[in-house]
Colleague: 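Please find one structure pasted underneath; my questions will follow.
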Amino acid sequence: MSRTSGAHTPDTHLCVLLQSEVVLSAFQQHKEVKLKSSPADLVTETDQRVEKILISAIRNRYPQHRFIGEESVAAGEHLELTDSPTWIIDPIDGTVNFVHRFPFVAISIAFTVNRQTQFGIVYSCVEDKLFYAQRGGGAFLNGEPLHASGQQDISRCVVVTEIGAERDDVALSTMTSNIRRLLQLPVHGVRALGTAAVDMCQVATGGADAYYHIGMHCWDIAASAIIVQEAGGVVMDTDGSEFDMMSRRVIAASSAAVADRIAQVIQAFPCCRDDEDNCGCGATGVN
Ligand SMILES: O=P(O)(O)O[C@H]1[C@H](O)[C@@H](O)[C@@H](O)[C@@H](O)[C@@H]1O
Ligand SMILES: [Mg+2]
Ligand SMILES: [Mg+2]
């Protein structure tokens with residue numbers, strides 16, 4: 001049981017914390033690694049095991065609920081977000097980090113009803129940091145309230161992003177030129193932790209002022225999006241439209257001014273929506 005669980009933690013927190021022990025005990029061990037959509041898109045037996053245990057524990061309690069799990073989708077399960085109560089699960093966010101023992105790996109769980117996120121949990125296992133938010137109830141880190149920085153001036157921002165699993169020329173040149181353009185604004189710095197969920201939670205803590213990503217999946221950011229929003233941050237699509245967790249594009253920021261400025265500077269590369277089958281573009285919906 002984690003050092004951060006407490007009497008106030010709802011059942012789901014306990015589920016996550018229990019599974020973090022599985023992640024942590026495997027963290028130091030040798031891992032059998034399989035590839036998914038690219039040489040940088042990894043999965044291990046622990047990813048699959050943690051997801052199976054989480055889903056069966058939650059299904060046991062809520063048999064009518066639906067699930068969107070990263071590794072279930074990778075195994076061919078249809079991905080569809082409906083109005084039904086739905087659990088969106090990334091059993092290990094930062095699998096490359098997990099394989100390399102780079103100490104930023106997280107379990108991410110979001111819960112939606114009528115397609116609206118009700119709560120999100122991101123547990124950064126090695127750091128022992130439990131980020132949590134409930135709609136209208138604020139955002140917390142190990143029980144302490146979180147507040148975004150409120151920074152309005154892009155030139156005074158630390159911006160977090162990810163170079164994900166894509167290795168094609170279009171995605172790589174778009175991602176690297178985005179970073180270059182931001183650095184030339186200038187911004188104070190660009191960072192990447194290797195886990196989208198923990199990256200985005202830095203905006204909720206105020207330790208970063210913005211996070212943007214193109215190509216991630218709903219399970220990477222569904223939980224951290226509500227954590228940023230409940231910490232007073234802004235979450236939107238990279239084209240400036242309303243946040244859509246299935247679009248595979250996101251900007252999370254300390255303020256609308258910073259979010260809008262980033263939307264002006266960065267470009268997106270084409271990638272299929274998570275809920276779009278066989279859309280025909282280069283990057284598949286499942287990676
Ligand atoms: O470790 P994952 O759950 O696969 O998520 C990764 C993703 O695969 C990678 O492409 C990047 O987007 C990372 O930021 C995600 O956390
Ligand atoms: Mg992930
Ligand atoms: Mg994962």
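Numbering starts at 1 and runs along the sequence shown. Small disclaimer: the values here were computed from a predicted structure and weren't measured. Ligands are counted one by one from 1 in listed order, and the atoms in each one are counted from 1 as well.
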Colleague: So, 2.8 Å as the limit: is an N/O/S atom of Trp219 located closer than that to the Mg ion (ligand 3)?
Modeller: no
Colleague: Could you tell me if Tyr123 and Asp128 have a donor-acceptor pair between their side chains, going purely by distance under 3.5 Å?
Modeller: yes
Colleague: Using heavy atoms and a threshold below 4.0 Å, how should the contact between His217 and ligand 1 be classified: side chain, backbone, both, or neither?
Modeller: neither
Colleague: Answer yes or no: does atom CD of Glu32 have more than 12 heavy-atom neighbours from other residues, nucleotides or ligands under 6.0 Å?
Modeller: no
Colleague: Strictly under 6.0 Å, is that where the ring centroids of Phe140 and Tyr132 end up?
Modeller: no
Colleague: Less than 3.5 Å between some nitrogen or oxygen of Asp199 and one of ligand 1, yes or no?
Modeller: no
Colleague: At a non-hydrogen distance cut-off of under 4.0 Å, which region of Asp220 contacts ligand 1 (side chain, backbone, both, or neither)?
Modeller: side chain
Colleague: If you measure every N or O of Ala197 against every N or O of ligand 1, does any of those distances drop under 3.5 Å?
Modeller: no
Colleague: Counting only heavy atoms not in Asp239, do more than 12 sit closer than 6.0 Å to its CG atom?
Modeller: yes
Colleague: State the atom name: nearest N, O or S atom of Asp93 to the Mg ion (ligand 2).
Modeller: OD1
Colleague: Is the Mg ion (ligand 3) less than 2.8 Å from an N/O/S atom of Glu70, whether that atom is in the backbone or a side chain?
Modeller: yes
Colleague: So is Lys36 close enough to ligand 1, meaning a heavy atom under 4.0 angstrom away?
Modeller: no
Colleague: With respect to the Mg ion (ligand 2), what is the nearest N, O or S atom of Asp220?
Modeller: OD1
Colleague: Can you tell which part of Asp93 has a heavy atom less than 4.0 Å from ligand 1: side chain, backbone, both or neither?
Modeller: both
Colleague: Above 12 or not: heavy atoms from other molecules or residues under 6.0 Å from CD of Gln184?
Modeller: yes
Colleague: Does any N or O of ligand 1 fall below 3.5 Å from an N or O anywhere on Val96, backbone included?
Modeller: no
Colleague: With rounding to the nearest 0.5 angstrom, report the CD1 to OG1 distance, Ile214 to Thr174.
Modeller: 7.5 Å
Colleague: If you consider just the N/O/S atoms, which atom of Asp90 is the closest one to the Mg ion (ligand 2)?
Modeller: OD2
Colleague: Is the number of heavy atoms from other residues, nucleotides or ligands under 6.0 Å of Gln64 CD greater than 12?
Modeller: no
Colleague: In the single-linkage hydrophobic clustering (I, L, V, M, F, W, Y; side-chain heavy atoms under 4.5 Å), do Phe67 and Val113 co-cluster?
Modeller: yes
Colleague: Go through ligand 1 atom by atom and flag the ones less than 4.0 Å from a non-hydrogen atom of Glu162.
Modeller: 14 (O)
